[in-house]
There are 2 protein chains.
Amino acid sequence: MPNMHSEHQAKIESFYSQNKRMPTYSEMMGLFGFRSKNAVFKVVEKLIDAGLATKDHLGRLMPTQAFGEIPLLGSVTAGLPATVEEELLERVNLDDMLIEKKASTFMLEVDGDSMIDAHIEKGDMVLVERANTAKDGQIVIAEVDGEFTMKYFRKEGNKVWLEPANKKYQPIYPEHSLNINAVLKAVIRKY
Amino acid sequence: MPNMHSEHQAKIESFYSQNKRMPTYSEMMGLFGFRSKNAVFKVVEKLIDAGLATKDHLGRLMPTQAFGEIPLLGSVTAGLPATVEEELLERVNLDDMLIEKKASTFMLEVDGDSMIDAHIEKGDMVLVERANTAKDGQIVIAEVDGEFTMKYFRKEGNKVWLEPANKKYQPIYPEHSLNINAVLKAVIRKY
DNA sequence: GTTGACAGTGAACGAGCGTTCACTTATACT
DNA sequence: AGTATAAGTGAACGCTCGTTCACTGTCAAC
């Protein structure tokens with residue numbers, strides 16, 4: 001039996017991603033197939049010694065690194081190492097990485113081709129944050145003549161306009177006002 | 001006082017995203033500024049009545065929708081609605097949406113321009129899943145002559161080759177074997 | 001064969017949990 | 001003024017939690 005630890009840890013991880021919380025010792029009894037809580041206690045003790053788990057101030061198991069976190073390897077040209085047992089890898093949590101202000105963050109689907117030269121294509125998902133203002137060069141979702149579009153926001157002096165990232169469209173110079181709706185934080189394309 | 005519920009819920013959400021678990025009633029006492037657990041009890045009762053929370057079989061608070069989930073609005077041309085109080089919005093969890101097999105999923109940074117015509121550019125982050133095989137048309141990370149690259153995987157009959165998404169590079173026809181390392185699941189670009 | 005380490009059982013214990021009860025204070029409506 | 005409704009206090013209660021203790025079986029080492 002190579003490494004019992006990882007098997008137990010995998011079951012805990014699986015429980016966590018289903019229930020969004022850590023299992024209690026009684027629940028782990030069922031999870032591991034034990035009939036005694038003490039058996040669980042000893043297993044957990046080893047997981048902690050191995051640095052694969054932690055407890056909080058209530059004695060409850062805490063989600064540590066590797067719960068919701070994904071190994072962040074180097075670049076594409078480096079490829080994937082054969083074994084990823086190494087704990088010296090950096091790890092990232094998608095939510096923490098992409099979402100700053102959760103309450104004002106939304107997701108939208110892209111449905112035009114006006115930002116194609118910025119490599120944002122139809123069908124992509126965009127993560128945006130509600131805002132009324134933007135800085136020059138940011139990509140925004142704005143309302144122009146009652147219609148919403150995604151464009152580069154440009155500002156020079158007190159002159160503002162919108163610029164598509166597609167040569168076949170023209171920049172938009174607002175006559176009166178320009179209602180910024182949100183600024184782009186991230187693009188997500190799923191395959 | 002417009003809606004006390006949302007304020008309390010926001011504090012719980014904040015606690016959850018920091019501690020990756022729900023607060024206990026005692027912790028909520030501190031969180032809300034109460035000196036009695038019963039005050040918390042009544043607040044929680046209302047949150048449940050309002051459908052903003054649930055309890056599990058232990059009586060503990062459960063993370064419900066809206067914990068780690070982001071409102072998924074329509075398309076960009078639809079813009080962002082003024083109020084998002086409506087509970088009829090679809091919501092998505094980034095992790096659940098993007099990660100299928102957590103144990104074999106990794107993140108890499110893109111560092112070439114060979115996939116630029118597929119709108120994957122230098123600096124993008126890619127979510128990949130370790131694999132030895134792929135289907136025709138999928139984007140893969142493969143090893144060719146000791147070097148790793150990201151390319152389209154092509155297969156016709158028993159002939160396989162790699163195809164860049166950039167006219168200035170040539171397709172790669174492997175002489176002996178072709179080591180597929182991983183297949184692309186998603187592209188993430190952060191601004 | 002004996003010993004020691006390890007893994008698991010089963011029962012017990014204190015602590016903290018969620019919950020309930022009785023009571024007080026404040027707000028709003030007749 | 002009088003009264004209902006809601007919000008908060010503080011103490012109590014049972015239940016489940018994590019933890020501990022004593023014990024049994026198993027396997028390897030010497």
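Chain letters run A, B, ... following the sequence lines, proteins first, then strands; residues in each count from 1.
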All N/O contacts under 3.5 Å from nucleotides 21-28 of chain D to the protein, with atom names and distances to one decimal?
{"residue": "dC21(D)", "atom": "N4", "partner": "Asn38(A)", "partner atom": "ND2", "Å": "2.8"}

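Paired with Lys20(A) under the rule salt bridge (Lys or Arg N to Asp or Glu O under 4.0 Å), one option of Asp56(B), Asp96(B), Asp95(B) passes, and it is Asp96(B).
Taking every heavy atom of residues 17-28 of chain A and every atom of DNA chain C, no pair lies under 4.0 Å.
By the salt bridge (charged side-chain N to carboxylate O under 4.0 Å, His left out) test, Glu100(A) is found to be paired with Lys185(A), residues two or more places apart in sequence or in another chain being considered. Phe32(B) is linked by a ring pair (Phe, Tyr, Trp, His ring centres under 6.0 Å) to His8(B), counting only residues two or more places apart in sequence or in another chain. Among residues two or more places apart in sequence or in another chain, the salt bridge (charged side-chain N to carboxylate O under 4.0 Å, His left out) test is passed with Asp111(B) by none. For the salt bridge (charged side-chain N to carboxylate O under 4.0 Å, His left out) test, no residue two or more places apart in sequence or in another chain qualifies with Glu45(A). Taking Glu121(B) as the reference, Arg189(B) meet the salt bridge (charged side-chain N to carboxylate O under 4.0 Å, His left out) condition, with sequence neighbours excluded. With sequence neighbours excluded, the residues forming a side chain to side chain donor-acceptor pair (under 3.5 Å) with Tyr25(A) are Lys55(A), listed by chain and number.
Rounded to a whole Å, the NZ atom of Lys55(B) is 15 Å from the P atom of dC17(C). Summarising the geometry, the separation between CZ on Phe41(B) and P on dC17(C) is reported as 15 Å, rounded to the nearest angstrom. Atom CZ in Arg60(A) sits roughly 13 Å away from atom P in dT16(D) (whole-Å rounding). Atom CD in Glu45(A) sits about 14 Å away from atom P in dG8(C), given to the nearest Å. Remark: P of dT16(D) and CG of Leu58(A) are 18 Å apart, rounded to the nearest angstrom. Computed from coordinates, the Phe32(A) CZ to dG8(C) P distance equals 11 Å when rounded to whole Å. Per the geometry, CE belonging to Met29(A) stands 12 Å off P belonging to dG18(D), to the nearest Å. When rounded to the nearest whole Å, the span between CG of Asp56(A) and C1' of dC17(D) equals 12 Å.
Environment of CG in Asp145(B): sparse, with no more than 12 heavy atoms of neighbouring residues, nucleotides or ligands closer than 6.0 Å.
For dG8(D), the base has no donor-acceptor partner in the side chain of Ser36(B) [N/O atoms by modelled type, under 3.5 angstrom]. Between the base of dG10(D) and the side chain of Lys37(B) there is no donor-acceptor pair shorter than 3.5 Å.
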Pairs of donor and acceptor atoms involving the side chains of residues 134-144 of chain B, under 3.5 Å and at least two apart or interchain, shall be tabulated with distances.
{"residue": "Asp136(B)", "atom": "OD1", "partner": "Arg154(B)", "partner atom": "NE", "Å": "2.8"}
{"residue": "Asp136(B)", "atom": "OD1", "partner": "Arg154(B)", "partner atom": "NH2", "Å": "3.4"}
{"residue": "Asp136(B)", "atom": "OD1", "partner": "Lys155(B)", "partner atom": "N", "Å": "2.8"}
{"residue": "Asp136(B)", "atom": "OD2", "partner": "Arg154(B)", "partner atom": "NH2", "Å": "3.4"}
{"residue": "Gln138(B)", "atom": "OE1", "partner": "Lys135(B)", "partner atom": "N", "Å": "2.9"}

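Of the two residues near DNA chain D, His57(B) and Val43(B), the one whose nearest nucleotide lies more 5' is Val43(B).
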